[in-house]
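Some notes on the structure that comes next.
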Amino acid sequence: MHWLFGDQLGPHFLRPSQESGLTRDSPLLMIEARSVFRRRRFHRAKAHLVLSAMRHRASELGDRITYVRADTYREGLDRAAGDDEVTVHHPTSYAAVRLVRSLPTVTVGPARGFLVPMADFAAWADGHGGRRLRQEGFYRWVRQGHDLLMDGDKPAGGHWNYDHDNRQPPPRDASALPVSAPYRPREDEIDEKVRHDLDRWEKDGDVSFVGRDGPRLFPASRAEARSALRRFVEHRLGAFGPYEDAMLAADPVMSHSLLSSSLNLGLLDPAECVERAEAAWRAGRAPLNSVEGFVRQVAGWREYVWQLYWYFGEEYRHSNVLRHTAPLPGWWNDLDADAVEARCLRTVLAQVRDTGWTHHIPRLMVLGSHALQRGWDPAAVTDWFHRCFVDGYDWVMGPNVVGMSQYADGGRMTTKPYTSGGSYINRMSDLCGPCTYRPGDRTGEHACPYTAGYWSFMDRHRARLEHNHRTARAVRGLDRLADLDELRRQERTRGDAPP
């Protein structure tokens, strides 16, 4: 019997191989463990998506699969397999790996769903001394090794990186990008049953969720995921690149692919995503800067984060070089966007509350930046992102939040803290215009919480940041602030109240 976890749902997880012990006739097992939802207060839409995807896959596999609903994985495995031998692909979290390796009847095979084997990455990283493993170098290595956007031994178009073309602010006076709408699935009887079960579990007091669960917005089957990929490549990829860092209040999806949850559930293979995008460019149906930006996200960043999660080790999650220990406030944990006055944060927090998703810039420069500026415990922030995003998993959020967003590793992953004042948000969005606060004000009645928070953060960590070549100039700017003392008093008074 071969055990499939709920994020191993695509056909590439069933390809036979001697290494994994999986054959075309291997009976399959999937376990729906209620304890997973008791341990964390997940977003309701995420719980719905995961259970819907698992049950859709079980329905497709028919008599070949044994689908067990149990309190725990151990209980489900015992009921389904007893003392029989079981194989499983390498799971995607340290907790799951500990579990399967503690079970004497379970044999763990290599991971699937990623482009680079772990051993190959470890060899690459060790060859770089294991320190300052920058994404750009890894990305180029992956491109070369997998012949992605390459013309011989040169990058397509002569450049590895088209970031200079992909950082445009949104079109002036536009409330939405002029692109086709993204693929959205239709719910079915399986979704209805999942929602009924979640309602019952909540009513019984067995589990508790956060956020809203409207109609399902993300694919829960292989067919839906392929439709989403096809629609993105054919109708939305062309506009993706230039505005991938831009934000519009009324257009939270912009031209993003919305494929992260499908990739992380295992419904899509990353290879098919990047190969389809490259084929669109070579056929003249999408510009190179947009295709390179998408390939960078999937074959570069996603792969890099997965590999660092395992290479850095489990202790990495406890990194906290800035010594941030403040707890997350209740309004944040409850996704209470209505309590927030700052328009950018209110808008983005409402998007998370309503859909369990925002794109990478609101995550990094609105949500993550605010948490960093306020000095919140990075482990708690990481857990929040894990729970509240439909594409959030332990391996996803560890490096993304601990390393990039909260700079808790002190630069092992990125060269500087990713935080800014309100001027960046104002330049890259339409969020600041109607706001009560003014992005240029540090102090006073209309002081932007991001501008004030940025300078307060720089002030608190001056001793560390003045030696970083990417932040030293900003630190020197503190000495030119005539209102620095007033800023310090203001930010102490503000505390963690909703801005």
Parallel, tilted or perpendicular: ring planes of [X] versus [Y], cut at 30 and 60 degrees:
X    : Y    : answer
Y162 : H159 : perpendicular
H359 : W357 : tilted
H324 : H461 : tilted
H256 : H360 : perpendicular
F294 : F240 : perpendicular

Any Lys/Arg nitrogen of [X] or [Y] sitting under 4.0 Å from an Asp/Glu carboxylate oxygen of the other?
X    : Y    : answer
K193 : D197 : yes
E192 : R195 : no
R44  : E202 : yes
R222 : E272 : yes
R55  : E32  : yes

Of the non-hydrogen atoms in [X] and [Y], which two are nearest, and what is the gap between them?
X    : Y    : value
T355 : F218 : O-CE1, 3.9 Å
M397 : G392 : CE-CA, 3.8 Å
Y454 : T419 : CE1-O, 3.8 Å

Which distance, rounded to the nearest 0.5 Å, do you find between the CG of L268 and the CZ of R276? 10.0 Å

dist D354:CG -> R212:CZ (nearest 0.5 Å) comes out at 4.5 Å

Given side chains that start at C-beta, do those of [X] and [Y] come closer than 4.5 Å, heavy atoms only?
X    : Y    : value
Y393 : L265 : yes
D377 : P327 : no
V207 : F42  : no
D251 : M254 : yes
R112 : Q8   : no
C448 : D441 : no
L51  : L198 : yes
V116 : H146 : yes

Under 3.5 Å, is there a donor-acceptor pair between the [X] and [Y] side chains?
X    : Y    : result
R460 : S456 : yes
R470 : T415 : yes
H164 : N289 : no
H386 : H43  : no

Applied to residues 337-347, the salt bridge (Lys or Arg N to Asp or Glu O under 4.0 Å) test, sequence neighbours excluded, yields D338-R353

Ring centres of [X] and [Y] under 6.0 Å apart?
X    : Y    : value
F232 : H235 : no
W306 : Y309 : no
Y316 : Y311 : no
W395 : Y94  : no

Would W301 and N400 count as a side-chain hydrogen bond (donor to acceptor under 3.5 Å, both in side chains) here? Give the steps. CA-CA 9 Å; W301 190 255; N400 264 312; 2.8 Å; yes

Check against side-chain hydrogen bond (donor to acceptor under 3.5 Å, both in side chains), Q351 and T358: CA-CA 6 Å; Q351 291 168 3; T358 63; 5.1 Å; no

When you look at R184 and E224, which way does the salt bridge (charged side-chain N to carboxylate O under 4.0 Å, His left out) test go after all the steps? CA-CA 9 Å; R184 295 300 192 188; E224 290 180 347; over 6 Å; no

Partners passing ring pair (Phe, Tyr, Trp, His ring centres under 6.0 Å) against Y424 (at least two apart in sequence or in another chain): none

H370: which residues meet the ring pair (Phe, Tyr, Trp, His ring centres under 6.0 Å) condition with it, sequence neighbours left out? W376, Y450

Give a yes or no on this: more than 12 heavy atoms of other residues, nucleotides or ligands lie within 6.0 Å of atom CD of E136. yes

Atom CZ of residue position R226 - does it have more than 12 heavy atoms of other residues, nucleotides or ligands inside 6.0 Å? no

Candidate pair R236 and S257, rule side chain to side chain contact (heavy atoms under 4.5 Å, CB included), full reasoning: CA-CA 8 Å; R236 297 170 54 79; S257 72; over 6 Å; no

Decide yes or no on salt bridge (charged side-chain N to carboxylate O under 4.0 Å, His left out) for R282 and D151, but give the supporting numbers first. CA-CA 11 Å; R282 294 198 180 276; D151 288 333; 3.4 Å; yes

Checking N166, N161, V291 against R296 for side chain to side chain contact (heavy atoms under 4.5 Å, CB included), the one that qualifies is N161

Checking salt bridge (charged side-chain N to carboxylate O under 4.0 Å, His left out) against D383, which of R317, R40, R41 comes through? R40

Applying side chain to side chain contact (heavy atoms under 4.5 Å, CB included) to R438 and T451, what does each step give before you reach the verdict? CA-CA 9 Å; R438 298 169 184 162; T451 302; over 6 Å; no

Check the pair D391, R363 against salt bridge (charged side-chain N to carboxylate O under 4.0 Å, His left out), reporting the backbone distance first and the verdict last. CA-CA 12 Å; D391 55 8; R363 297 189 199 202; 2.9 Å; yes

